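Reviewing the structure listed below.
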Amino acid sequence: MFLPLALLALGFSGAIEVCVAAPSSTIHSVHDVHERRAAEPFGWSLSHRPDADKRLPLRIGLKQQNLDNLESLLLSVSHPDSPQYGRHWTPQQVVDAFAPKEESVGKVLEWLKDSGFSREKIKMSANKGWLQVEASIAEVERLLNAEYHVYKHDESGEEQLSCHDYSVPADIREHIDLIKPTVHFNHRPSPKSTTKFKRAGDLGKPSSTTGPKKSPNASPVPPTLANCDKMITLDCLKALYDVPGFHAVSTHKNSYGIVEFTPQAFLAGDLDLFFANFSPSLVGVRPKTILIDGAVVQTTNQSFDFNGESDLDLEYAMALTNPQTITLLQTGDLVEGAGFDNWLDAVDGSFCTFEGGDDPTQDGIYPDALPGGFKGKSHEFRDESTITASSAMRQCTEYGKLGLMGSTILYSSGDNGVAGNGGVCLNSTGQPVKNGTMFNPDFPATCPFITAVGATQVNPNSTVFEPEGACEQVIFSGGGWSNIFAIPDYQRTAVSSFLKNHPPPYTSAQFNNSGTSRAYPDLAANGANYVIGIDGEFELVFGTSCSSPVVGSFITMVNDARLAAGKGPVGFINPVIYSDKFKNAFNDITSGGNQGCNTPGFTATDGWDPVTGLGTPNVSKLIPIFLSLP
Ligand SMILES: *[C@@H]1O[C@H](CO)[C@@H](O)[C@H](O)[C@H]1NC(C)=O
Ligand SMILES: *[C@@H]1O[C@H](CO)[C@@H](O)[C@H](O)[C@H]1NC(C)=O
Ligand SMILES: *[C@@H]1O[C@H](CO)[C@@H](O)[C@H](O)[C@H]1NC(C)=O
Ligand SMILES: *[C@@H]1O[C@H](CO)[C@@H](O)[C@H](O)[C@H]1NC(C)=O
Ligand SMILES: *[C@@H]1O[C@H](CO)[C@@H](O)[C@H](O)[C@H]1NC(C)=O
Ligand SMILES: *[C@@H]1O[C@H](CO)[C@@H](O)[C@H](O)[C@H]1NC(C)=O
């Protein structure tokens with residue numbers, strides 16, 4: 001996705017010439033710290049100094065224009081009362097609106113040139129947001145006044161290169177958001193330790209004896225509503241959420257993308273095992289796979305940890321939206337794996353791999369205004385506390401831009417209630433520690449430009465015809481308040497009403513209770529006891545990872561109906577679902593909580609709550625309301 005400077009679009013050549021002609025000078029001598037990590041990341045130890053000659057593809061995130069307006073621009077195309085509702089932007093409009101000022105590009109280029117980097121070593125990203133510099137560790141350390149170390153993950157042994165802080169000249173700071181790789185920890189630990197949804201067998205829950213788990217001959221599971229409290233099937237979901245008989249009619253215009261991160265992969269045999277039992281016409285049908293960053297759908301390693309998430313996502317998304325073709329955005333190669341950045345890089349060209357290199361022949365089809373629900377998957381859950389605020393904001397604005405172009409981005413809200421990944425909580429200065437008592441919000445769930453999906457359950461011994469509760473089996477629905485993002489307008493009324501009418505029994509020592517920060521999740525769907533075909537057997541899985549593809553499937557149904565009516569996709573749905581129009585389109589969840597950090601967490605109650613959001617969708621109601629919008 002990076003172009004040589006020489007090939008840059010016209011608007012930028014002027015700036016470059018100015019820069020090249022600029023006299024070399026020492027005006028950059030005063031360095032100010034630009035970013036500093038508050039503490040070393042939990043679970044990683046300092047290992048050794050890297051080889052000074054090691055190549056380090058440095059990415060400089062330039063300050064973009066108009067980001068202050070992003071929320072209102074996004075609202076103008078996604079708020080139901082806006083005259084611009086549904087008028088989504090083209091990728092070019094997005095690039096033009098947010099591209100950095102020429103002055104910023106010029107100033108940063110001048111600094112790099114003064115620091116000894118020739119023009120051939122500098123490239124610019126397709127969306128103009130990033131400069132990439134080819135440099136060695138030693139050169140980067142001089143440039144940024146930084147000291148790099150290799151960190152080792154205590155459990156997996158995985159290594160990551162990082163520095164504790166870095167500096168840039170005082171007059172450059174205002175032109176830069178962030179520089180990578182520096183203080184940000186972008187690598188997920190190995191797949192085994194990050195499985196973010198869980199199977200019954202691991203935990204010895206009752207379902208493991210009554211469920212279809214480990215049936216050696218893969219015998220059919222009866223499609224019945226009688227046992228939905230013990231095993232969720234397609235029929236249970238259709239009954240719970242009033243899903244009308246669905247047969248996609250706008251498949252060629254619609255798109256439902258699911259992102260999976262290598263080495264996570266689906267197994268064809270697992271899909272067919274599931275389809276044979278629950279959706280026979282899909283046997284033999286596969287997602288349309290797009291490989292990002294040299295990705296492979298690997299089948300060498302097979303286990304629950306490698307296949308569980310992908311099998312789950314595809315089995316339910318494909319079966320619920322049949323015959324819609326699902327686009328599988330498989331991200332990351334076998335060597336480095338991949339994170340959210342790689343995926344964002346592919347969809348809008350603004351983020352990149354750690355070790356460099358995108359394949360433009362693969363990524364070239366993007367950016368693309370995909371009119372569908374994207375389901376960002378949860379394998380690489382992170383917490384706000386593990387990335388810097390500027391990195392979180394930079395990623396979040398990219399999601400906002402995708403919303404401007406008409407994509408719906410869904411993320412699961414996390415599986416540890418008010419605690420963060422792995423049940424970790426924070427100390428009073430906001431750092432992850434073993435016995436922390438402060439709640440630890442999930443990212444990207446707290447990004448106000450995505451839709452965060454929490455988890456519910458059919459309560460034990462209840463039927464699908466009784467109200468669900470917040471999920472309290474195996475996992476607890478992620479929810480709470482951000483420490484980074486301000487509250488978006490669309491949820492102000494709902495959230496302040498919750499704080500006023502149901503004040504939680506906690507203080508600012510547990511969560512940001514100012515009422516001025518983003519609260520999550522936005523909505524919820526069942527996340528307990530899903531039957532999936534996995535490694536040749538049926539097993540039961542739990543998690544907001546189950547909820548998210550189900551909601552994505554419902555949005556795909558909504559888009560199908562809108563496209564058939566000659567309308568556009570719904571795009572960013574939050575301003576709509578919090579509006580009065582949708583008051584009755586959700587089943588309010590009023591029981592259960594999301595315990596964590598040695599507390600009961602928050603409690604689900606009337607109206608929006610930080611456990612199940614607005615509640616679970618009633619698809620029969622959602623479709624006509626969305627259809628009534630322009
Ligand atoms: C995956 O398979 C390869 C090749 O068999 C093996 O070397 C590697 O250790 C496996 N990885 C894991 C995490 O099991
Ligand atoms: C919080 O934890 C970090 C990292 O362990 C530590 O540096 C900091 O001093 C702790 N803060 C308090 C108030 O204990
Ligand atoms: C947390 O644990 C550390 C050692 O693991 C201990 O020093 C500290 O006092 C504990 N803090 C609290 C609040 O329990
Ligand atoms: C559900 O029903 C079973 C069998 O009647 C009973 O043993 C169990 O305690 C019930 N569970 C709950 C949560 O009511
Ligand atoms: C609470 O959130 C607001 C808005 O994001 C932020 O400005 C404020 O600093 C946060 N307070 C604390 C104590 O983190
Ligand atoms: C969903 O909405 C339909 C149509 O208004 C209604 O008949 C049905 O009872 C609702 N389902 C639930 C579970 O509330």
Side-chain angles (χ1 to χ4, degrees), residues 36-46 151 154 162 164-165 183 185 205-211 225-232 235-246 383-388 419-420 422 424-440 456-474 483 507-510 523-526 528-529 550-551 554 557-558 561 577 581-593 597 606-607 612 614-628:
R36 171 181 287 132
R37 217 174 27 240
E40 297 312 283
F42 188 75
W44 294 80
S45 309
L46 212 60
Y151 289 73
D154 297 338
S162 187
H164 188 72
D165 58 41
V183 300
F185 266 67
K205 292 285 158 180
S207 45
S208 61
T209 52
T210 55
L225 298 184
N227 293 313
C228 296
D229 61 329
K230 299 186 190 69
M231 56 175 110
I232 287 290
D235 287 339
C236 297
L237 293 171
K238 288 176 184 169
L240 280 170
Y241 305 127
D242 246 289
V243 181
F246 177 76
D383 307 322
E384 282 187 349
S385 60
T386 62
I387 48 173
T388 62
V424 173
C425 303
L426 308 176
N427 68 10
S428 60
T429 43
Q431 273 109 50
V433 290
K434 271 237 160 64
N435 50 6
T437 53
M438 204 167 128
F439 301 164
N440 187 6
T456 55
Q457 66 179 15
V458 176
N459 290 319
N461 297 344
S462 294
T463 71
V464 290
F465 305 110
E466 293 163 87
E468 288 191 276
C471 188
E472 296 189 304
Q473 300 174 62
V474 184
N483 294 319
T507 68
S508 58
Q510 275 93 25
L523 43 63
N526 192 291
N529 296 304
V550 168
V551 173
F554 297 161
M557 294 176 189
V558 166
I577 62 175
K581 278 200 168 64
F582 282 69
K583 258 214 161 75
N584 300 312
F586 294 91
N587 309 304
D588 196 4
I589 305 298
T590 58
S591 69
C597 306
D606 297 343
T612 57
L614 297 164
T616 61
N618 181 328
V619 182
S620 292
K621 286 184 176 163
L622 280 183
I623 290 178
I625 308 178
F626 271 117
L627 267 178
S628 74

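As the structure lists them, so they are numbered: ligands from 1, and atoms in each ligand from 1. Remember, predicted model here, so these are calculated numbers, not experimental data. Excluded from the calculations below are hydrogen atoms, water molecules and symmetry mates; all remaining heavy atoms, backbone and side chain alike, are included.
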Specify the protein heavy atom at minimum distance from atom 9 (O) of ligand 6: its residue, its atom name, and the distance to 0.1 Å.
Asp242 OD2, 4.2 Å
For Cys425 and Gly436, which heavy atoms make the closest approach, and how far apart are they?
CB-O, 3.3 Å
Counting each atom of ligand 2 from 1 as listed, which ones have a heavy atom of Ser428 under 4.0 Å away?
13 (C)
For atom 5 (O) of ligand 6, what is the nearest protein heavy atom, given as residue, atom name and distance?
Lys621 CE, 3.1 Å
Check for a donor-acceptor pair, side chain of Ser620 on one end and backbone N or O of Asp242 on the other, with a separation under 3.5 Å.
yes
Does the protein place a non-hydrogen atom closer than 4.0 angstrom to atom 2 (O) of ligand 4?
yes
Show which atoms of ligand 4 fall inside a sub-4.0 Å distance from at least one heavy-atom site of Asn461.
1 (C), 2 (O), 3 (C), 8 (C), 10 (C), 11 (N), 12 (C), 14 (O)
Quick check for you: to the nearest 0.5 Å, what is the distance between Lys230 atom NZ and Asn461 atom CG?
6.0 Å
Heavy-atom pair of closest approach, residues Val550 and Leu237:
CG2-CD1, 3.8 Å
Using a strict 4.0 Å cut-off to heavy atoms of Asn587, name the atoms of ligand 6 that fall inside it.
12 (C), 13 (C), 14 (O)
Which heavy atom of Glu468 sits nearest to which heavy atom of Val458, and what is that distance?
OE2-N, 3.5 Å
If the test is side chain to side chain contact (heavy atoms under 4.5 Å, CB included), which one of Leu240, Val464, Asn227 qualifies with Ile232?
Leu240
What distance separates Gln457 CD from Ile589 CD1, expressed to the nearest 0.5 Å?
10.0 Å
Testing the basics here: between Ala561 and Leu627, what is the closest heavy-atom pair and its distance to 0.1 Å?
O-CD2, 3.6 Å
Return yes or no for this condition: an N or O of Asn618 is under 3.5 Å from an N or O of ligand 6.
yes
For Val433, atoms of ligand 2 separated by under 4.0 Å from a heavy atom
2 (O), 5 (O)
I want to know if ligand 2 touches Thr429 in the polar sense, i.e. an N/O pair below 3.5 angstrom.
yes
Kindly state if atom 7 (O) of ligand 4 has a protein heavy atom within a strict 4.0 Å cut-off, that is, under 4.0 Å?
no
heavy-atom search around atom 13 (C) of ligand 4 in the protein gives Pro460 CB, 3.8 Å
